[in-house]
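Okay, structure first, notes after.
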Amino acid sequence: SCWSQELVSKLLHLHFKDDKTKVSGDALLLIAQLLKVFVVEATVRSIRQAQAEDLPCVDVEQLEKVLPQLLLDF
Amino acid sequence: QRLKAAVHYTVGCLCEEVASDKEVQLSKQTIAAISEVTFRQ
Amino acid sequence: KDWFLSEEEFKLWNRLYRLRDSDEIKEITLPQVQFLSFQNEDNGLTQEPTTGIHQLSLSEWRLWQDHPFPTYQVDHSDRCHHFISIMQMIEGMRHEEGECSYELEIKPYLQMEDVS
């Protein structure tokens, strides 16, 4: 997966109250997968919106259109 | 900021992979926006 | 070896993805979540729109939210379908003047002993 375990661990530790909190390798892999699914979903939904508008390039506007439902789906 | 840059880079690679597979172009701003949303999530 | 970007990755990021001050949009932010019922101190910080910083809008395209957008690998959640149905209801009531169709429809079922 493109998310390194160190990067995922660092992201999680941003929000932990206790820095010594440990996260198992499996949990890190699962979160890395979740992050990947989220980014791919956001990208494909934005692309679909750009294609529906016959646009050659996906801009922020296409993401904004799909954003409310994307955030409700995660 | 370094962590955000690492997330942004990772998101950028993923977005490019999807975009090339779908043969479309994503603006830099769109990638930055997806990265910001991901970071916040 | 750690979470940092390597020299190579940093160069790629800097070239391909980094937003520059010369870009029209040089930073993207998300709206701050505000629970009006909890008037905590930082609610006061209404973000002034600053040039070059684009705040993603969750309401700009609200008129488009009355139908489900296509999904890819993750289907719409129940709460998303609920959101869409509320947006459809709002869209249906948008042009009403005076009378409220929802009220006219539901009023006959009201039993005062249920609420007193």
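So that the names make sense, note that chain A is the first sequence line, chain B the second, and so on, each numbered from 1.
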Fill in: Within-4.5 Å side-chain heavy-atom neighbours: F39(B) and L14(A)
yes
K28(B) meets the salt bridge (Lys or Arg N to Asp or Glu O under 4.0 Å) criterion, sequence neighbours left out, with D23(C)
Ordered numerically, the heavy-atom neighbours of chain B under 4.5 Å found in residues 49-69 of chain A are Q51(A), P56(A), C57(A), V58(A), D59(A), V60(A), L63(A), L67(A)
Any side-chain heavy-atom pair of V37(B) and L71(A) under 4.5 Å: yes
Applying a strict 4.5 Å limit to non-hydrogen atoms, the region of C13(B) in contact with chain A is neither
For the CD atom on Q25(B), are there more than 12 heavy atoms of other groups (residues, nucleotides or ligands in this structure) within a distance under 6.0 Å?
no
Listed by number, the residues in residues 38-48 of chain A that come under 4.5 Å of chain B (heavy atom to heavy atom) are F38(A), V39(A), V40(A), A42(A), T43(A), V44(A), I47(A)
Taking a cut-off of under 4.5 angstrom between non-hydrogen atoms, the residues of residues 15-28 of chain A near chain B are none
So CG of L3(B) and CG of L7(A): to nearest 0.5 Å the spacing works out to 6.0 Å
So, the part of L34(A) with a heavy atom under 4.5 Å from chain B: the answer is neither
If one checks every heavy atom of E23(B) against chain A at 4.5 Å, the contacting part turns out to be neither
